[in-house]
Every structure is written in structure tokens, then in C-alpha cells.
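The structure appears below as C-alpha cells.
Numbered from 1 within each chain, the chains take letters A, B, ... in sequence-line order.
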Amino acid sequence: MTVISTDTGFSRRDMLKGGGALIVGFNLAGIPGAALAARGDVAGPPDPNAIDTWIAVHADNTATVYFGKCELGQGNTTGMLQIAAEELDFSMSQISAARLDTNVTPNQGATSSSSSIERGGPQLRAAAAEARRALLQRASLRLGVQINSLVVNDGVVSVEGEGDFRSVKYGDLLGDKPFNVKFTGAAPLKPANRYKLVGARVARVDLPGKMSGRYELVHHLRAPGMLHGRVVLPRGQRAFGAGAKPLSIDENSIKHIPTARVIRKGDFVGVVAEQEWDAVKAAQALKVTWQDAPELPGNANLFTQMRGQKTIDTVIANRGDIAKGFAGTAHERSSAYFCPYQGHLPFGPNCALADVRPDGAVVRSSTQDVYNARAMLARVLNMPADKVRVQYYEGSGTFGRSCYEDAAQAAAIMSQAIGRPVRVQYMRWDEHGWDNYGPAHLAEVRAAVDAHGKLVAYEYHGWQHGWTVTSTILDIALQKPGVERASGSASITVNPMSTGSMYIVPNRRVISHAVPMEGYLRGAALRSPLDLSFAFASEQTIDELAYALKMDPFEFRRRNIGDKRWLGVLEAAANAASWKPRVMASSLSSDEVVRGRGIGLGTHHVSYGAAVADIEVNRRTGAIVATHLYGALDCGLAVNPALVETQIIGQMIQSVSRVLKEEVLFDQRGVTSLDWNSYPVLRFAEHPAVTPIVVQRIDEPATGAGEEVMGATVAAIANAFFDATGVRLRQYPMTPERVRAALAART
Amino acid sequence: MTDSFKLKVNGREQAVSVSPDTPLLYVLMNELALRGPRFGCGLAQCGSCSVLVDGVEVRACVTPVSNVAGKAVTTLEGLPALYAEQKRLPQPPALHPLSQAFVDQQAPQCGYCFNGMTIKAAELLAQNPKPTEAQIRSHMDGHICRCGTYPLILKAIQLASIRMAGDVR
Ligand code: FES
Ligand code: FES
């Protein structure tokens, strides 16, 4: 079983069919017999109300499913195929997924917020159920028995209790012909207690190909007549809104490189060459004088500037009476927390291949949203969207909005200018320096308990700027200022789920202070957006109250939780770690290397995460090593628990990297984190053991599983640091320098 | 200025015409259309581009093609055959035991880093068939995985080490 391609190459035919001019007003469901032959011939999205948009059953008794959520290395394709195969009663080996393609696959929105299985899954499931019902209706006629006496196994319909005596294959009932059935959503779904595939530990369908080196990634695509392109940008982005304006370009500086050519559009500068190495050299050699940009705060001034900025404030949560709540409590703790910009930085920098001709364009990209990519490409190319076809090819794990749109737009611009296909790969410094970073965050948290150990008041103030809706290359090519998603309350705000929602607190207030993005770095959603920062601040405050009460932090949380699912993950993580009740920092040692254990909770929007962390701190060098992490995740129905376990492992390792190591450095001029040395990440020798725990809830809807245990991990590590040293670190990454400074300040 | 080079890649002699300073990586990806070695940083920092040259892991992104003329280059695609040669097996397996262990452990996420991980681990197990955990950690330390799969890679290498001990030689 493989992921099949619905096309045969980068042919002229694709180009023309991408144009939508050949067949106008064609309706998939409306023309019998033509639907499958025509798949891909017109610009999408195809009609979501036709079953044929979602599923095709072939004569060899296999099926292809068409959905709009892509494989990002999270096992999404496998999970979606499990859902479809379950509902259709096919085996996994009989079913495959079509490549995402704006001419072929339905528009299910972006693959983000771990929403694929949660939101994309039910739609696909309902379509599969409806397809099954249509197939059973045909089988009922063919076999001359009532539908309710039919059973299906591996795509073979037979009469219950008769074995194979009377049977017919799905493939023989439909055999590559269209269903011509409307997607009503009314077909009955299989009850959870009859699941065979959903909830099972099905192996990833993409891994054998990936491990052998046969799997085709976007980076592998080549086309006849293709040129290699590279972008030319200042090393390290400048202030958001300032773009990158070339004042002069000295084309003589690349004269010595054969076939290299400069391509410009607006403020966009790129180079193309016949040989990839020549394009790489030319992009580095080209002398460009860039206009000065306005000053950035730099890391040194970042938080002072954010705190002093005029902000748009929104009350995110407000319960009880905060002033009264804080009056006369037994213990109150308050502090400020400082959290860095961090990068997506896919391991393989983004890449795209574009073939743009006057009558249409085909762009192959690892975008998380083919339809949004198409809309932006249409703007950049000044073409109607239905003349642009975007096809998804996997890149490397992106964790949100890295530079994939930029690579696609750069390739398209250069292909349009030169009239040949162009492949663009970002260089490491392009990807590091021009990412849409996860924004920095400043928190001021205050919380209080009564003498019985009950939380009575909680207040969270958070400062951050928002996300971009445009992309760097589009902005500079069209000479338009970058656009922030929205300002004020519609921008990215403090997430109420991550800031105390897990506890029963009679008086709770959460306030978001939206800083304008202008004059800072370009921001975008980075896996579990800002939840790591929220949890770092919020869960340390909670831990401080437990400490003030001389209480075990697990027990303190347990007593203040009201929801059984929060309690479930907390207990699952604690049990896995054999948590022993104790007061934090109650056995401090003066050894050079000291040990600590901490606990924390966190989420994204839905699902429930808890973590326990064991760490070691070298008090002389300041180095922190996470030795063992235990992470529990309740994501409702776990469609494939094995996939959820690997997601937990990946999240926890990445969280260690983010809380201990990762910080985008920038001065007043621009970003200076341009590679893996200037932006270190967790390395192989430093990685902790991870024990993942899936809290399976077969009767709850499936919710996200790709981000929800990251906040808890960061919190547990921060709390473990206090346990080991008796000192709180209120800024991350928790680098050796910061650790040494914090320890020195105490003694 | 282009020169002609005779390369021996995965047991096959191949001639390419490129400028001598071209990094081996670009030749493998473009001239020879291989899918194993891939660009990650171009700076010898990440291990994405790794290949074996005479059995030793090198970073193809910073190795000029002129340096490997006449040497045996093995990429991910060539590992099963190299393994068969090392173990004197009658046939190369479909997947190198390491690749099989990565599948069995469901180790990869995006899988992009696994070219380098497999090459580096193959180098290790050829030198040291029964490495300790500490030896695996230090040997693999120059290879980054952005998706956080290190714990599963570690387990898979241990599994492959056990399985490979059972293969003939
Ligand atoms: S691409 Fe060669 S080491 Fe990173
Ligand atoms: S699996 Fe994605 S970089 Fe390692």
C-alpha cells in the first residue's frame, strides 16, 4: 500500500488541465461515467457534497480515498486510511490515499492545530459510511437479499451466516465507475464497539519507502529543462514590515559563474543556473546593497519594549471577583516570566518546483494548505486561481508555518520570468533567518491559596504579538507591507486552556495584551503555539503555592482539579513515574551534579497532557540534562495508539530542546541565528528516555494528539529544576549561563 | 569549468562531468538522481547528507566531488548490498537490518534525517557490532533529528545489533 500519485509527470497536459479553460462548469456528480476519467482535469476544489469526491472503488477491489489533510510525518495518512478502511470494511492493504492536489482533493482547510483526525477524520468517516451504504444497496439488488442481512469483510459482501456461498466484491459492484451519490452525511456510522482498525496499532504506511530511500520527497523532484534557483535575501530578517529592499545589485559579481542569472520582481531577488551548485554559489556571491531597515529591540531590549508598548487588551477569562479573591489568602505568589522567539526550522530546508507558463501554472510544494498556497501564488503570479494547480509533496517535519510558501512563491516567480521550470531550495541560513517565528512571550502571573490548600484566585497577564497571514516572498515581490493576522482580540491571544483552566479556581482572570508585530520579528504558529510559554509561567506558579503549603505538588494539583480527564492524565503520568509524595526541594544536595523531579500539566485547545520529568543539573557548569520523561496524553479516541505514542515522544524531545536550548538571537539590525551552531537544538547524546502513556477513551471524540503534551513537559522540567536546586528559573531557554547566574544570585 | 570524474557509487562505476569544487551531495542528487543523501545545512552540522566513503561516514555537502574519485561511495540505497558483502550473504536483503529495525520500531516521523542516521549507525555497527548505549549516543551525536525521534533510533540500533549478530559471516 502506497500513497499514489494521480498524475503522470510534469507534462504539458498537467499544465493545460490546470487551467480550467478546457472544461467549463463541469460537475463531478452530475455527469454519469465521466467523473473518474475527469478527475484532476479542472481546478478544484471538487464538490464536497459528492461521494465521488472522497472515494473511488476500483475493479480490482481496492479503493482510493481523497482527503485534504497532508502527511507531515505525524502518520496522518495512516490514521485517515484507518478511518476510511474501518467504515468501508476494507483491509488496510486495499486502500490508499491520493496526493493532495488543488485539482483533485477536497478542501478540508490547513493541516494544522493537530486537527486532521479531529476535524478531517469525521468528514472522511461519514463519506466512507455513505459509500458503504451505496455499495450495500447495489449488493442487495445483486444478491437479492435485504441490506440488513449483508456483512462485509475485506471489501467482499456476503450474506450473513452463509459464508462465501453468495457473495460479491465491492470492485465488481462499482469497478471504477462513479457512485453518483450525494454526500448527505446521514448514513449510519459503525458503532465504536465494532471497530477493528480504528483504535488498533496499525503500522505507518509510508515508512518502508522512506527507510529504503525510494520515497519521493519534494526535494527529489526534477523536471525536464529545469533550472535551479536560490533566493537572495539579507542574512537574517529585519524588522517585520520593513521587508528587504535592494538599493543596488552588482550583476558583475556573478559573471564568473556560468549560466547564472539574476531574477527580480519588485523587491524580490533570486538567481537561477543550470547546475545547482552554480545557483548556490551565485546566490552567495551576488553583491546586493540593501536599504537600511528600522531598528529591532534586539534580545537585550525585547521584553522591556514589549512591556512598555501600547497594547490592545482583551479579557480572555473572567470569573468571580479577582480583587476579593486575592484578599486575605493564606499564600500568594506572583512573578514575571520571559519566553523566547523560537523557530520551526525543518531539518530539510523548504523546497518547491514550479512550472509557470502564460496559460497556467503547476507548483509542487510541501505547503500545509494547498488551497491557501494556490490563492497566494495566484496573487504573486497575477493569474486567476483556477489557472494555478498546487500539488503536495512531502518535505521534512515543519511544525507550523515555516518557509514553504516562500519557497513555492520564489520558484513560481522565477519560472514565470524565465519560462522554464525552476526548483528552489532554501539554504540553511534562509530558513533559519527568514522563518515565521513562534513569537516571544512575557507573562505576569499571580495566584493564591487558602489555608486548606484550595486555589482561590488566579490572574494571568500575557504579552505577545501575532502571526503573519502573508509571506515574505509575496510581500517583497508585490512590495506590500506584511500583514498581521488581525490586531487586538482577533490576533493570537493568551490561551485560556493553558492558563489555569485545569483547576477549580473561584476567581480567575486571564488578560491578553496584544503587541503589534510591526518592528518585531515575523511571527506564526509554531507547534503548540505559545502553550510552552504559558505552561512555563502558569505551572511554576502553581508549584510555588504547593511549596508554600509544604505540600506534594501532585497532591496539590489532584485536590484542585475538578475534571476527571485532567485527573486521569495527572495520575497516569505520576503512576508511570512511580511518583512518591514529597515536598519539592526538600532534599537539596551540595554535590556538583544534583537531581530533581517535577510534574506539570498542559494542553493546546483540546486533549489533556501531563508530564513528569527527571533531570540532572551540574551546578558548576550550569548544564541541565533531562534523563527521563513520562508523558500522558488523553486525546479522546486514539485512532492509532502507536501513532499517539510516537507523537508523545516527539513532542517531549522537542520540548526539552525548546526549554533548554532554543532561542532566536537578533540584534538591532536583524536575526543572527542562522544555522545549528547559532541556534542549537537538543542533540542525540543529550536525549532523555521517554515513557509515553496514551489514556485511551474509546467513547470520546478523537481530538488533537500532536501538540498537547508539550506545555506539560516544559512545566515539569522547570519544576524539576527547582526541586534540584531550590531556585526558580523564570526565563527560558534554561541555558548554562542562565543557570549559573540564577544559582550565583542565590548564594 | 567542468571536468570528468569517474565515481564508484553503490558498486557501479559512473562518469560525471561537473566542476571539481561541486560538493558530492549535488552530484549524487542531480547527476545520479539518488534519493538517500539530501540537503540539510550544507555546513557539515547536521548529518542529512551523509554517505560512506570506503566505509567511513562523510558529509557529502562539504566534500568536493574531486576528493572521492576512485573511492567507494555508498549511499542509503547501497546499504543492503554492502551489508550482503560484509556478511557474505547470497543476496542483499530488501532493507538493511537497520532500516528494517527503524520500520519495526516505527521510529521515523518525517524521516528526513534517517538517511544520515542509517548511514552513521551502519558505520558504527560495522566497526562495533555490539555497542553500549553510551557508545551509540556518542557515535550518533553529530546527527540532528528535528522531529525528536532519538529514543526510537536508539532502540532500533540496539535491535539491529542483536539481529545482525544472527546473520551469517
Ligand atoms: S547537509 Fe551536510 S551536514 Fe548538513
Ligand atoms: S524524523 Fe524528521 S528530522 Fe528526524
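Proximity to chain B (any heavy atom under 4.5 Å) is shown, for A:Val656, by neither the backbone nor the side chain. In this structure, chain A has a heavy atom under 4.5 Å from the side chain of B:Ser19, while its backbone stays farther away. Residue contact with chain B, scored on non-hydrogen atoms closer than 4.5 Å, involves the side chain of A:Phe399 exclusively. For B:Leu98, no part lies near chain A; criterion is any non-hydrogen pair under 4.5 Å. Looking at B:Glu31, only its side chain comes within 4.5 Å of chain A, counting heavy atoms on both sides. For B:Ile144, the parts lying under 4.5 angstrom from a heavy atom of chain A are both the backbone and the side chain.
Chosen from A:His219, A:Arg683, A:Arg428, the residue pairing most often with chain B at heavy-atom distances under 4.5 Å is A:Arg683. Counting heavy-atom pairs closer than 4.5 Å to chain B, the top residue among A:Glu276, A:Lys210, A:His228 is A:Glu276. Put simply, of A:Pro349, A:Ala642, A:Ala689, the one with the most heavy-atom pairs under 4.5 Å next to chain B is A:Pro349. Per-residue heavy-atom pair counts under 4.5 Å with chain B were compared for A:Gln651, A:Glu431, A:Arg527, A:Lys281, and the maximum is reached by A:Lys281.
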Test log, rule ring pair (Phe, Tyr, Trp, His ring centres under 6.0 Å), inputs A:His432 and A:Tyr679: CA-CA 8 Å; A:His432 263 74; A:Tyr679 186 95; 5.7 Å; yes
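The backbone N or O of B:Cys41 lies less than 3.5 Å from no partner atom in the side chain of A:Asp675, so there is not a single donor-acceptor pair. At least one donor-acceptor pair closer than 3.5 Å links the side chain of B:Arg38 to the backbone N or O of B:Gly36. Judged by distance alone, the side chain of A:Ser396 and the main-chain N or O of A:Gly348 form a donor-acceptor pair under 3.5 Å. The closest donor-acceptor contact from the side chain of A:Ser402 to the backbone of A:Thr398 lies at 3.5 Å or more, if one exists at all.
In this structure, the salt bridge (charged side-chain N to carboxylate O under 4.0 Å, His left out) partners of B:Arg146, at least two apart in sequence or on a different chain, are A:Glu662.
Counting only residues at least two apart or on different chains, the side chain to side chain donor-acceptor pair (under 3.5 Å) pairs with a member in residues 149-166 of chain B are B:Asp104-B:Arg163. Identified under the ring-ring contact (aromatic ring centres under 6.0 Å, His included) test for residues 14-39 of chain B, with sequence neighbours left out: A:Trp277-B:Tyr26.
Heavy-atom neighbours of chain A within the stretch residues 110-128 of chain B, taken at a separation under 4.5 angstrom, comprise B:Cys110, B:Tyr112, B:Cys113, B:Phe114, B:Met117.
Looking at A:Tyr630 and A:His628, their side chains come closer than 4.5 Å, going by heavy atoms from C-beta outward.
Residues B:Asp141 and B:Ser138 bring no donor and acceptor atom of their side chains to less than 3.5 Å of each other.
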